Amino acid sequence: MGRFPQALGRKGSKKWIQKLINEKPEMLNFEIIRKLNLPRKEKIHWLSPLKDDEYAEYRDEEFLERLGIGLEIVTLSDFWPDGGPQWDGLGRSSSGNLFLVEAKSHIDEMISTMQAKSKESRKKICDSLEKTKQFLNARPEVEWSSVFYQYANRLSHLYLLKQLNQLPAYLVFVYFINDLEMKGPKTIDEWKGAIKLLRSYMGIRRHKLQNFITELFIDVSGL
């Protein structure tokens with residue numbers, strides 16, 4: 001199963017993304033529409049994590065079902081094994097645009113490595129990461145399954161939806177500021193420095209999907 005009910009977030013990015021989507025969705029919507037230059041009349045309906053859905057997060061085929069889509073050109077099972085990205089948030093707009101959300105409240109959350117164990121799963125993941133890397137013309141010598149693996153697999157899923165299946169998908173990174181409990185960044189510049197390092201390491205400073213990705217900086221003091 002790819003639906004995962006969550007407890008009410010008590011700290012960190014889980015707490016803040018739940019509060020943002022359930023209590024201040026207009027703040028999130030305004031920033032997304034502004035940063036992506038979408039029509040002002042666009043209305044975004046958030047599908048997760050919702051209080052009346054046990055704050056559930058979704059992955060695998062269930063995240064596609066939650067968005068109300070199917071992949072008819074390249075299927076998810078052909079692209080990625082079970083146990084793929086578990087999305088912090090999912091949304092769909094009045095015009096059919098799809099929004100995949102990844103949230104962070106401190107810089108250490110950006111660092112991760114591939115955890116798949118089986119040879120078949122690791123091969124499928126590495127093949128898809130490599131295809132994404134080639135499409136973006138990223139540095140070929142960099143191994144995307146380590147260091148910034150989570151960012152890489154989110155980027156790969158945008159590639160799957162947007163490029164391979166021609167769906168109107170967007171990737172939204174929400175970076176929270178002033179999460180003092182988690183010793184998170186206090187300024188946008190701190191986050192931007194970490195993001196610049198990530199992009200430089202991965203070799204993706206400018207790429208073909210950049211217009212479908214946005215980075216939002218939300219101060220938790222406003223939540």
Side-chain angles (χ1 to χ4, degrees), residues 2 13-14 16-17 20-21 25 27-38 42 44-49 57-60 62-64 66-69 71 73-74 76 79-80 84-93 95-105 109-112 125 128-129 131-138 144-145 147-176 188 191-192 194-218:
S13 57
K14 183 181 295 294
W16 299 118
I17 197 64
L20 182 60
I21 285 178
M27 178 190 295
L28 178 58
N29 296 354
F30 176 82
E31 290 298 322
I32 289 174
I33 290 167
R34 181 179 68 86
K35 292 291 289 292
L36 290 172
N37 294 314
L38 298 174
E42 190 90 335
I44 301 174
H45 176 57
W46 291 101
L47 305 167
S48 73
E57 296 176 358
Y58 292 82
R59 71 181 184 192
D60 299 337
E62 282 78 3
F63 101 82
L64 300 177
R66 193 67 176 172
L67 287 170
I69 60 173
L71 303 185
I73 302 173
V74 178
L76 181 59
F79 187 81
W80 209 268
Q86 185 166 313
W87 298 99
D88 292 331
L90 296 171
R92 184 179 179 121
S93 78
S95 66
N97 287 322
L98 311 168
F99 301 93
L100 312 176
V101 177
E102 181 64 34
K104 297 280 180 280
S105 67
E109 287 185 284
M110 299 176 76
I111 301 171
S112 64
I125 290 171
S128 292
L129 292 176
K131 289 174 184 175
T132 307
K133 187 194 305 182
Q134 290 175 3
F135 174 73
L136 300 181
N137 196 29
W144 276 17
S145 63
V147 186
F148 297 118
Y149 169 67
Q150 188 182 74
Y151 190 99
N153 69 42
R154 268 54 173 179
L155 198 56
S156 293
H157 280 69
L158 177 63
Y159 167 68
L160 171 66
L161 269 61
K162 183 70 183 180
Q163 179 62 28
L164 298 183
N165 284 280
Q166 299 295 298
L167 292 169
Y170 294 88
L171 186 54
V172 179
F173 289 97
V174 179
Y175 297 105
F176 292 108
I188 292 175
W191 272 123
K192 286 186 173 180
I195 295 165
K196 183 178 180 180
L197 176 63
L198 177 151
R199 289 177 178 165
S200 178
Y201 176 85
M202 295 180 69
I204 53 170
R205 294 181 183 180
R206 295 186 62 82
H207 58 80
K208 297 175 184 176
L209 291 176
Q210 64 186 24
N211 291 335
F212 308 101
I213 300 173
T214 191
E215 293 153 354
L216 309 182
F217 303 95
I218 305 292

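Note that the structure is predicted; figures quoted are calculated from it, not measured.
A distance of 5.5 Å separates CG of L38 from CZ of F99, quoted to the nearest 0.5 Å. Atom CH2 of W80 is separated from atom CG of L160 by 9.5 Å, given to the nearest 0.5 angstrom. Rounded to the nearest 0.5 angstrom, L216 CG and R34 CZ are separated by 8.0 Å. Taking CD1 from I69 and CG from L64, the interatomic distance works out to 5.0 Å, rounded to the nearest 0.5 Å.
Closest approach of F148 and M110 over heavy atoms only: CD2-O, 3.4 Å.
One N or O on the side chain of D60 and one on the backbone of G84 form a donor-acceptor pair closer than 3.5 Å. Listed for the S13 side chain is no donor-acceptor partner under 3.5 Å among the backbone atoms of K104. Not one N or O on the side chain of W144 forms a donor-acceptor pair closer than 3.5 Å with the backbone of N153. Side chain of N165 to backbone of V74: a donor-acceptor contact under 3.5 angstrom is found. Listed for the T132 side chain is a donor-acceptor partner under 3.5 Å among the backbone atoms of S128. Listed for the D88 side chain is a donor-acceptor partner under 3.5 Å among the backbone atoms of A103. At distances below 3.5 Å, not a single donor-acceptor pair connects side-chain atoms of T214 with backbone N or O atoms of I32. Side-chain N or O atoms of R154 include none that pairs as donor or acceptor with a backbone N or O of P85 at under 3.5 Å.
At a threshold of 4.5 Å between non-hydrogen side-chain atoms, the residues R205 and S200 count as touching. Q210 places none of its side-chain heavy atoms less than 4.5 Å from the side chain of L136. When side chains are defined from C-beta on, Y151 does not count as touching E102, because their heavy atoms never get closer than 4.5 Å. Within the 4.5 Å cutoff, the side chain of L36 has no heavy atoms near those of the N97 side chain. Y58 places a side-chain heavy atom less than 4.5 Å from the side chain of L90. Annotation: side chain of I125 is in contact with side chain of Y149 (closest heavy-atom distance under 4.5 Å). L171 places none of its side-chain heavy atoms less than 4.5 Å from the side chain of L209. Looking at Q150 and E109, their side chains never come closer than 4.5 Å, going by heavy atoms from C-beta outward.
Heavy-atom contacts from other residues, nucleotides or ligands closer than 6.0 Å to OH of Y201 number more than 12. The 12-atom threshold is exceeded at NZ of K35, counting heavy atoms of other residues, nucleotides or ligands nearer than 6.0 Å.
Test L67, L71, L158 against L167 for side-chain contact (heavy atoms from CB on, under 4.5 Å) and you get one pass: L71.
Geometrically, K131 does not engage Y159 in a cation-pi contact, judged by NZ or CZ lying under 6.0 Å from the ring centre and within 45° of the ring axis.
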Exercise for the section: Run the numbers on F217 and E31 for side chain to side chain contact (heavy atoms under 4.5 Å, CB included), then give the verdict. Expected result: CA-CA 9 Å; F217 303 95; E31 290 298 322; over 6 Å; no
Exercise for the section: Kindly determine whether H207 and I213 satisfy side chain to side chain contact (heavy atoms under 4.5 Å, CB included), including the steps that lead there. Expected result: CA-CA 11 Å; H207 58 80; I213 300 173; 3.7 Å; yes
Exercise for the section: Apply side chain to side chain contact (heavy atoms under 4.5 Å, CB included) to the pair L129 and S145, showing each step before the final yes or no. Expected result: CA-CA 8 Å; L129 292 176; S145 63; 4.3 Å; yes
Practice task
Start with the C-alpha distance between N137 and K208, add both sets of side-chain angles, then the distance that settles side chain to side chain contact (heavy atoms under 4.5 Å, CB included), and finish with yes or no.
Solution key: CA-CA 8 Å; N137 196 29; K208 297 175 184 176; 5.7 Å; no
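Salt bridge absent: K192 and E215 never bring a charged side-chain N and a carboxylate O closer than 4.0 Å.
A side-chain N or O of W46 and one of N29 form a donor-acceptor pair less than 3.5 Å apart.
Between F212 and Y170, the two ring planes are tilted [angle within 30° to 60°].
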